[in-house]
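Okay, structure first, notes after.
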There are 2 protein chains.
Amino acid sequence: MSLRHALLGLLSERPASGYDLLKTFETSLANVWPATQSQIYTELTKLAGSGLITVTAEGPRGRKEYALTDDGMTELRHWLTETRPQRNTRSDVLLRVFFLGVLRPEQARDYLSSLIEMSQEGYEQLRRLADSIDWDDDNLSVHGRIALEYGLRFNAMRREWAEWAAEQIK
Amino acid sequence: MSLRHALLGLLSERPASGYDLLKTFETSLANVWPATQSQIYTELTKLAGSGLITVTAEGPRGRKEYALTDDGMTELRHWLTETRPQRNTRSDVLLRVFFLGVLRPEQARDYLSSLIEMSQEGYEQLRRLADSIDWDDDNLSVHGRIALEYGLRFNAMRREWAEWAAEQIK
DNA sequence: GTTAGCATGTAACAAGTTACATGATTAG
DNA sequence: CTAATCATGTAACTTGTTACATGCTAAC
């Protein structure tokens, strides 16, 4: 149930509406925890119901601005310090690798080539993102930068692995 | 809907019962595409219903052995060659990184330390697994080895990243 | 005979996706 | 005035998890 905690986390930075949060999920959080509009609004209603967040302002077009409550902050800290992440690795990319044997070798190598390309593009996209942001010294910046670095290293690793793997298939 | 394709893929190696497949999911496929007993049996029934697999034998204790049909093999190849994997990266581990700013620096570093430990353990577990298997030249071995190499590189990358990240938090 | 492991099935629930539905406000 | 964007909500469906339920067979 991490969507809940993603929302609490974002609201710990500043109050925001469902729509604001949706935009954040579409941009900075998209690579880490994608969420849909319907999911976000539903979860916000639940969070408000259980008192972890509260409506602090109402604007035009029915806009509701939510803010974290003390209970919400406690829950966020609890999640960060007391619960262990589970490496739930479900990987579409890797699952296919197991079954490349049903293809002809050149088809299998095509698949790995597409992974190389995908990794390269992912790398470059993140590079551009890193360059386009002017990083401050605030929490969001420091930790956003760290997450981005992960993405860069991940894509570089995957690219090198796929190149190595293509050589293994004779 | 990759569970479907995972099952088709495993059945492309050899016919198997739900129970056999469950064991495979618990061991070799656990790191890549975990699946529960209930999911597997439900999906096998559906696959048999749509003609992608078929019951080839019945054994003691109601055991049903399934095999891939021609349609099933076609579907498997189609999945491998015509559909692109989506890097659906939903990562519990990384999501937390975004919000480490709500913790005290030493708590944040504790979290990164636990990631270092987790990565190290993951690496060693895979090393042991690699050593315990006697790799043949068959498809399963070649591609299983490639997937395992991914796991090794991934854990090494994550460990180095977490070490670097811990230094960034002052 | 009794325990471990083989073997399947289903129900209830939680989480995530897609699509539908509605309407207000602002900028050009 | 009209199109883009802001803004929320809900229904139907799919996928995944947890728990319950049942019974057979082989080995000791």
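Just so we're on the same page: letters track the sequence lines, and every chain starts at 1.
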Residues Arg63(B), Asp20(B); criterion salt bridge (charged side-chain N to carboxylate O under 4.0 Å, His left out); working and verdict:
CA-CA 10 Å; Arg63(B) 178 193 167 93; Asp20(B) 294 339; 2.7 Å; yes

Between Arg90(B) (side chain) and Val32(A) (backbone), is there a donor-acceptor pair under 3.5 Å?
no

Salt bridge (Lys or Arg N to Asp or Glu O under 4.0 Å) contacts touching residues 147-156 of chain B (sequence neighbours left out)
Arg145(B)-Glu149(B), Glu149(B)-Arg153(B)

Selection from dT8(D), dT17(C), dT17(D) that lies nearest to any side-chain heavy atom of Ser17(A):
dT8(D)

Closest to the Thr36(B) side chain: dT18(D), dT17(C), dT8(D)?
dT18(D)

Applying the side-chain hydrogen bond (donor to acceptor under 3.5 Å, both in side chains) test to Ser119(A), which of Glu124(A), Arg158(A), Glu160(A) qualifies?
Arg158(A)

Within this structure, what is the CZ-to-C1' distance between Arg4(A) and dA14(C), rounded to whole angstrom?
12 Å

Nearest listed nucleotide, side chain of Lys23(B), among dG16(D), dC6(C), dG16(C):
dC6(C)

In whole angstroms, the gap separating C1' of dA15(C) from CH2 of Trp33(A) amounts to 10 Å

Just how far, in rounded Å, is P of dT8(D) from OH of Tyr19(A)?
9 Å

Strictly by salt bridge (Lys or Arg N to Asp or Glu O under 4.0 Å), give each pair with a member in residues 26-43 of chain B just once, sequence neighbours left out.
Arg4(B)-Glu43(B), Lys23(B)-Glu26(B)

In whole Å, what is the span from the CE atom of Met1(A) to the P atom of dG16(C)?
10 Å

Any side-chain heavy-atom pair of Leu115(A) and Trp161(A) under 4.5 Å
yes

Side-chain heavy atoms of Leu10(B) within contact of Tyr66(B), under 4.5 Å
no

Look only at the side chain of Gln107(A) and the backbone of Arg104(A), and say whether a donor-acceptor pair between them is shorter than 3.5 Å.
yes

Taking the minimum atom-to-atom distance to the side chain of Ser38(A), which one of dA19(D), dG16(D), dA19(C) wins?
dA19(C)

How many whole angstroms separate atom CG of Leu21(A) from atom P of dA7(D)?
12 Å

For DNA chain C, which residues of residues 40-55 of chain A approach it to below 4.0 angstrom with any heavy atom?
none

Hey, does Ile146(B) have a side-chain heavy atom less than 4.5 Å from the side chain of Trp164(A)?
yes

With hydrophobic residues grouped by side-chain heavy-atom distances under 4.5 Å, do Val142(B) and Leu80(B) end up in a single group?
yes

Write down the distance between CG (Leu22(B)) and P (dA7(C)), rounded to a whole number of angstrom.
11 Å

I want to check one thing: is the phosphate of dT17(C), taken as OP1 and OP2, less than 4.0 Å away from some side-chain N or O of Gln39(A)?
yes

Classify the ring geometry between Phe99(B) and Trp79(A) as parallel (under 30°), tilted (30 to 60°) or perpendicular (over 60°).
tilted

Of the candidates dT18(D), dA19(C), dA7(D), the side chain of Asp20(A) sits closest to dA7(D)

Between Asp92(A) (CG) and dT15(D) (P), how many Å, whole number?
13 Å

Distance-only donor-acceptor pairs under 3.5 Å for side chains of residues 52-62 of chain B, two or more places apart:
{"from": "Thr56(B)", "atom 1": "OG1", "to": "Glu65(B)", "atom 2": "O", "distance (Å)": "3.2"}

Looking at residues 61-69 of chain A, who's got a heavy atom less than 4.0 Å off DNA chain C?
Arg61(A)

Hey, can you pull the residues of residues 71-81 of chain A with a non-hydrogen atom under 4.0 angstrom from DNA chain C?
none

